[in-house]
Amino acid sequence: MLDSSRFLGHVIMYDLRALRDNFDAIREQLGRRGADVPWDRLRTLIEQRRTLTNQVEQLRHELKKGSDEVAKLKRENQSADASMTAMKDVGERIKTIEDELRAIEETLTDLNLRIPNLPHASVPAGKDADDNKEARRWGPLPALRAPAKSHWEIGEALGILDFDRAAKIAGARFAVLTGAGARLERALINYMLDLHTTQHGYREVLPPFLVNRSSMTATGQLPKFEEDLFRLRDEDYFLIPTAEVPVTNLHRDETLTESALPIRYTAYTPCFRREAGSYGKDTRGLIRLHQFNKVELVSFAKPDQSYEELERLTGHAEAILQGLGLHYRVVTLCTGDMGFSAAKTYDIEVWLPSQSHYREISSCSNFEGFQARRAGIRYKDASGKKGQRTEFVHTLNGSGLAVGRTLVAILENYQQPDGSVTIPDVLRHYMGGMERIKKE
RNA sequence: GGAGAGAUGGCCGAGCGGUCGAAGGCGGCGCCCUGCUAAGGCGUUAUACGGGCUUAAACCCGUAUCGAGGGUUCGAAUCCCUCUCUCUCCGCCA
């Protein structure tokens, strides 16, 4: 099996040739995105690498010729001392240049891995979330018969959410679900997985929740965002921040068969995030936790079909909310608000009555070839005919959905004046027929 | 955790210091033969990067790649070191 520890070698996000040929165009496009890339240094390094590579290849050619000469002379029982001395010198020159080259490639690779993806042409330009464009809304705003309570008020009153004990056993930003709350979370997971596998054509995956450094690098979490991740102290394992990481890496360093595309996976996993830098934000409730559950959708698609696939995948995530009867809207993220690896992203935002706000419950992105290049995921047609190129696939993923936030939306949108919560129809058989959650 | 074995092309498998990008087989592709099929014959069959070239293909030249990274040597698939992974046995464990 191939090992992608070779990341610090030659597999690089931006193909250096493409980067060199389109340097100014890329620089300009990423500038609008707010990328902090040391462009001039990058350009210098690329040129240096090119020069040194040429030199070293020429010398190696010389060395090869010389060594063959030595072999020939020895076979003929002639003295090869002169050639050997000359080649020793060539060998040393090669080594010197190689050392230089190695240092340059190391910095170059590191810089390169920190360059974000190029936004797709259809992405609106903008600085932050305020510049995102609403694409559509679904369903009516819920008409509540009393002032909306927050989900933590509802949940604690019902005895199904316990933040005090979560703080005791773990700390801030953790939650304990009990009784009908725990069951509702489980029901949601099953409902989502069942819908995606039976109606939307995804294959279910249950991946590892810890992954290695290569996997994190492939999907773009590393090297730039290590501080967002939980990492084991004694071994180089990271807790996954999303199932995107293990599931996309399923096909790392593989060449897929063209006719098999698109390949679609869905996975339930817990997700772990340090949430460094979000102090003071969403400190109460289930919205922002160090550990939360998510059902993820991942797709590997042919480049000319990936935007179609993005629409489809987003629709699959929306279908969950529609099934649950929850009002939501879809927004197209602007250049400044997109994640590092994405070329285009739709956020699905569900309505939360207690905040009178839409809150993100899913994020669906097309990464185009960005992750595929880092991860070495290619495809070709299986005919065995000559002349076909193996190309990088496009990868996509989206939450389908964030389970905890879905539970929040249910508690808040289906709360009743008496403090109970009605369970949406589609979940009832997963809840053993329960129709509403009442105080026990 | 302890002891041992191993990693070579799409697959199987040889090679253990030069003539090796790598024998042989299988598979794939092309042509031939054959009424069809089967069998058979001949040939061909890795990838990446750089250059020849102003665009694309073809072709040619160069370099790299035998799990990964370093080292020894004029020369490494072959020798040495480190790491990763796989397998077997023992221990531990859900």
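Per chain, numbering begins at 1; letters A, B, ... match sequence-line order.
- Across B:rA14 and B:rG24, the matching C1' atoms stand 7 Å from one another, rounded to whole Å.
- Here B:rC85 presents its P atom at 11 Å from CG of A:D236, a figure rounded to the nearest Å.
- With both pairing distances under 3.5 Å, B:rC53 is matched to nothing as a Watson-Crick or G-U wobble pair.
- Partner assigned to B:rC66 is none, using Watson-Crick or G-U wobble distances below 3.5 angstrom.
- Rounded to a whole Å, the CZ atom of A:R252 is 15 Å from the P atom of B:rU84.
- Straight-line distance from the CG atom of A:D253 to the C1' atom of B:rU47: 13 Å, rounded to whole Å.
- If you take atom C1' in B:rG25 and the same atom in B:rG13, they sit 8 Å apart, rounded to whole Å.
- Scanning both residues, A:E254 and A:L250, for their nearest heavy atoms gives OE2-O, 3.1 Å.
- Using Watson-Crick or G-U wobble geometry with both donor-acceptor distances under 3.5 Å, B:rG91 finds no partner in any strand shown.
- A:Y265 does not carry A:R203 over the face of its six-membered ring by the limits of under 6.0 Å from the centre and within 45° of the normal.
- Residue A:L108 contributes atom CG, which lies 15 Å from atom P of B:rC49 at whole-angstrom precision.
- Base pairing analysis places B:rG30 opposite B:rC42; the two distances defining the Watson-Crick or G-U wobble pair are each below 3.5 Å.
- Regarding A:K64, its NZ atom lies at a distance of 12 Å from the P atom of B:rC20, rounded to whole Å.
- Both distances falling under 3.5 Å, in either a Watson-Crick or a G-U wobble arrangement, occur for no nucleotide opposite B:rC16.
- Side-chain contact of A:Q48 with A:E100: a donor-acceptor pair under 3.5 Å is absent, judged by distance alone.
- The partner of B:rA7 is B:rU84, judged by Watson-Crick or G-U wobble contacts that both fall below 3.5 Å.
- Sorted by first and then second residue, the ring-ring contact (aromatic ring centres under 6.0 Å, His included) pairs with a member in residues 30-80 of chain A read A:F23-A:W39; sequence neighbours excluded.
- Using cut-offs of 30° and 60° on the angle between ring planes, the pair A:H196 and A:H200 is tilted.
- Atom pair A:K380:NZ and B:rU45:C1' shows a separation of 11 Å (rounding to whole Å applied).
- B:rC61 and B:rG67 have their C1' atoms separated by 30 Å, with the value rounded to a whole Å.
- A:I361 pairs with exactly one of A:L326, A:T406, A:D347 by the side-chain contact (heavy atoms from CB on, under 4.5 Å) rule, that one being A:T406.
- Using P as the reference atom, B:rU86 and B:rG43 are 42 Å apart when rounded to the nearest Å.
- Using C1' as the reference atom, B:rC26 and B:rU44 are 16 Å apart when rounded to the nearest Å.
- The partner of B:rA23 cannot be assigned: no Watson-Crick or G-U wobble pair with both contacts below 3.5 Å exists in any strand.
- Judged by distance alone, the side chains of A:Y346 and A:E318 never bring a donor and an acceptor atom under 3.5 Å apart.
- A donor-acceptor contact shorter than 3.5 Å links the side chain of A:R274 to the backbone of A:E227.
- Looking only at atom types and distance, the side chain of A:T51 has no donor-acceptor partner in the side chain of A:N54 under 3.5 Å away.
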Enumerate all atom pairs, one protein N or O and one N or O from nucleotides 50-54 of chain B, separated by less than 3.5 Å.
{"unit_1": "B:rG50", "atom_1": "OP2", "unit_2": "A:R17", "atom_2": "NH1", "d": "3.3"}
{"unit_1": "B:rG50", "atom_1": "O3'", "unit_2": "A:R50", "atom_2": "NH1", "d": "3.4"}
{"unit_1": "B:rG50", "atom_1": "O2'", "unit_2": "A:N54", "atom_2": "OD1", "d": "3.3"}
{"unit_1": "B:rG51", "atom_1": "OP1", "unit_2": "A:R50", "atom_2": "NH1", "d": "2.8"}

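- The gap from the P atom of B:rA94 to that of B:rA3 amounts to 25 Å, rounded to the nearest Å.
- Looking at A:N249, its side chain does come within 3.5 Å of a backbone N or O of A:V245 through a donor-acceptor pair.
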Identify the pairs formed between an N or O of the protein and an N or O of nucleotides 70-75 of chain B at a distance under 3.5 Å, and give each distance.
{"unit_1": "B:rG70", "atom_1": "OP1", "unit_2": "A:R102", "atom_2": "NE", "d": "3.1"}
{"unit_1": "B:rU72", "atom_1": "OP2", "unit_2": "A:K95", "atom_2": "NZ", "d": "3.0"}
{"unit_1": "B:rC74", "atom_1": "OP2", "unit_2": "A:K88", "atom_2": "NZ", "d": "2.9"}
{"unit_1": "B:rC74", "atom_1": "O4'", "unit_2": "A:M84", "atom_2": "O", "d": "3.3"}
{"unit_1": "B:rC74", "atom_1": "O2'", "unit_2": "A:S67", "atom_2": "OG", "d": "3.4"}
{"unit_1": "B:rG75", "atom_1": "O4'", "unit_2": "A:S67", "atom_2": "OG", "d": "3.1"}

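- The interatomic distance linking A:L101 (CG) with B:rU63 (C1') rounds to 12 Å, in whole Å.
- At the phosphate of B:rG62, neither OP1 nor OP2 sits under 4.0 Å from any side-chain N or O atom of A:H61.
- The side chain to side chain contact (heavy atoms under 4.5 Å, CB included) search around A:E309 returns A:P262, A:R264, A:S299, A:A301, A:R312, A:L396, not counting sequence neighbours.
- Of the possible donor and acceptor atoms, one in the side chain of A:N117 sits under 3.5 Å from a partner among the backbone N and O of A:F367.
- In this structure, B:rA58 forms no base pair with any nucleotide, since neither Watson-Crick nor G-U wobble geometry is met with both distances under 3.5 Å.
- Comparing the C1' positions of B:rG10 and B:rG27 gives an interatomic distance of 8 Å, to the nearest angstrom.
- Listed by chain and number, the residues in a side chain to side chain contact (heavy atoms under 4.5 Å, CB included) with A:T53 are A:R49, A:E57, A:L101 (sequence neighbours excluded).
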Protein-nucleotides 77-83 of chain B N/O pairs under 3.5 Å:
none

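- Across B:rA5 and B:rG9, the matching P atoms stand 22 Å from one another, rounded to whole Å.
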